[in-house]
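Structure first, commentary second.
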Amino acid sequence: MDNRFATALVIGSVLSLLSVIYLSAAVGTVSWYHYFTSSAQANISYTTPEDFTSDAEKMDEKAYTDALFHFNGSLGLWQRCITVPQDHLSQQLSALTDSPTLFSCVFLSLSDQFLEKYQEPGNHNSEIDIVRTYLWRCQFLLPLVALGLIFFGALVGLAGCVCQSLYPALGTGILHLLAGVCTLGSVLCFSSGIHMLEQRLPLPTGIRGEYGWSFCLACVCSPLQVMAGALFLWASRASRREYSLMKAYRVA
């Protein structure tokens, strides 16, 4: 194998591995979006910290969003968390910790992820918001699809190594490009969903929202996957072209 092709494959493999690590970290963490609450607004909430973890509030979008607004909430793909000051805790919870704050999280099951969103959050009698519903579903499904495509592409590349051929790298490159599209789609779905939610439930005065490091990791993954795919495609096509030229030269 030409050194150029080997170098391209090694660099592509490293980029692919980095994208898998970053994307796995992003999917498993809660720092996709943060709400920062002023001390004045922290005392104004219609939801108590204990209600935030209840099953009823888990399904009430307006209730848990209100808690995220007023308790420095963090939102991820599979979980959401709030930071509760000591003076907001009940006596039962205060006795369990000496910390000035309590970090409370709710982990979302697969059935929770498929709950429908409504035009008026919290009002189940309003019409279903089809766009937000499918944006929410796509934002957690697409990263899983991307990881699956990369894993399958790694198997195809491993088969190429066993066969001592660069032709399977073509399939690996295509799968990585598709993974990059899926990751980008997940990032766009998440940001669009947050934007539409804040249109229906505007941020109260003194509260601001910012994207977190998990979101940034997901943003980095897409170009890494695309670059890895481009390197695999180049190595496969260039080696095939070179082999065709050598074959034509021998025939001549």
Side-chain angles (χ1 to χ4, degrees), residues 26-85 88-90 102-144 185-216 218-219:
V27 170
T29 51
V30 72
S31 298
W32 280 68
Y33 199 78
H34 295 291
Y35 292 103
F36 297 95
T37 311
S38 64
S39 56
Q41 285 292 335
N43 297 318
I44 307 174
S45 177
Y46 301 104
T47 304
T48 63
E50 290 81 1
D51 290 337
F52 179 75
T53 58
S54 68
D55 292 336
E57 299 296 337
K58 185 190 290 188
M59 295 184 291
D60 191 334
E61 187 178 21
K62 188 177 188 307
Y64 70 70
T65 303
D66 178 74
L68 290 172
F69 283 169
H70 293 90
F71 292 111
N72 293 298
S74 299
L75 189 62
L77 297 186
W78 290 91
Q79 54 185 317
R80 47 180 175 259
C81 301
I82 56 175
T83 305
V84 187
H88 282 73
L89 299 177
S90 64
L102 176 67
F103 199 58
S104 177
C105 292
V106 172
F107 294 90
L108 305 177
S109 64
L110 192 60
S111 59
D112 294 332
Q113 297 281 26
F114 281 95
L115 290 175
E116 295 172 332
K117 308 297 180 184
Y118 294 91
Q119 293 285 354
E120 299 177 15
N123 182 6
H124 292 191
N125 294 321
S126 62
E127 294 183 359
I128 296 175
D129 193 329
I130 300 296
V131 176
R132 286 203 308 123
T133 297
Y134 282 95
L135 283 176
W136 183 274
R137 294 173 182 178
C138 289
Q139 76 182 19
F140 83 90
L141 285 174
L142 289 176
L144 302 181
S186 175
V187 169
L188 294 177
C189 287
F190 182 84
S191 58
S192 300
I194 290 293
H195 177 71
M196 294 181 69
L197 175 62
E198 292 181 355
Q199 283 184 327
R200 286 158 176 75
L201 295 175
L203 290 176
T205 304
I207 297 176
R208 59 185 175 87
E210 291 182 0
Y211 291 101
W213 61 267
S214 300
F215 180 84
C216 296
C219 292

**Study point:** CD/Glu127: more than 12 non-hydrogen atoms of other groups inside 6.0 Å
**Key:**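 No, CD of Glu127 has 12 or fewer neighbouring heavy atoms, counting only those of other groups under 6.0 Å.
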Point to revise | OH/Tyr134: more than 12 non-hydrogen atoms of other groups inside 6.0 Å | key: no
Would you compute the distance between atom [atom1] of [X] and atom [atom2] of [Y] and round it to the nearest 0.5 angstrom?
X: Phe36; Y: Phe69; atom1: CZ; atom2: CZ; answer: 14.0 Å
X: Ser191; Y: Leu135; atom1: OG; atom2: CG; answer: 9.0 Å
X: Thr65; Y: Leu197; atom1: OG1; atom2: CG; answer: 5.0 Å
X: Glu120; Y: Leu201; atom1: CD; atom2: CG; answer: 10.0 Å
X: Leu68; Y: Thr83; atom1: CG; atom2: OG1; answer: 10.0 Å

Please examine the side chains of [Y] and [X], heavy atoms only from C-beta on, and report whether any two atoms are closer than 4.5 Å.
X: Leu110; Y: Phe140; answer: yes
X: Val187; Y: Phe215; answer: yes
X: Gln139; Y: Ser192; answer: no
X: Leu115; Y: Trp136; answer: no
X: Leu108; Y: Arg80; answer: yes
X: Asp112; Y: Val106; answer: no

**Study point:** Closest non-hydrogen atom pair between Ser126 and Gln119, with its separation
**Key:**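 Heavy atoms of Ser126 and Gln119 come nearest at OG-N, 3.9 Å.
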Practice item. Kindly give the heavy-atom pair with the smallest separation between Gly185 and Leu142, and that separation in Å. Key: C-CD1, 3.6 Å
Point to revise | Pairs involving residues 131-142, ordered by first then second residue, that meet salt bridge (Lys or Arg N to Asp or Glu O under 4.0 Å) (sequence neighbours left out) | key: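 Passing the test, one end in residues 131-142: Glu61-Arg132, Asp129-Arg132.
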For [X], which residues count as a side-chain hydrogen bond (donor to acceptor under 3.5 Å, both in side chains) partner, sequence neighbours excluded?
X: Tyr33; value: Glu198
X: Glu116; value: none
X: Gln79; value: none
X: Trp32; value: none

**Study point:** Main-chain N/O of Ile207 paired to Thr37 side chain as donor or acceptor, under 3.5 Å
**Key:**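 The answer is no, because no donor-acceptor pair under 3.5 Å joins these two groups.
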Practice item. Check the side chains of Ser31 and Thr29 for a donor-acceptor pair under 3.5 angstrom, ignoring hydrogens and angles. Key: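 Checked: Thr29/Ser31 side chains show no N/O donor-acceptor pair below 3.5 Å.
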Review point. Taking the SG atom of each, are Cys138 and Cys189 under 2.5 Å apart?
Key: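 No, Cys138 does not link to Cys189 through a disulfide.
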Review point. Would you call the rings of His124 and Tyr118 parallel, tilted or perpendicular, where under 30° means parallel and over 60° means perpendicular?
Key: parallel
Exercise for review: Tell me, please, which residues at least two apart from Val27 pass side chain to side chain contact (heavy atoms under 4.5 Å, CB included).
Suggested key: Leu23, Leu77, Trp78, Pro143
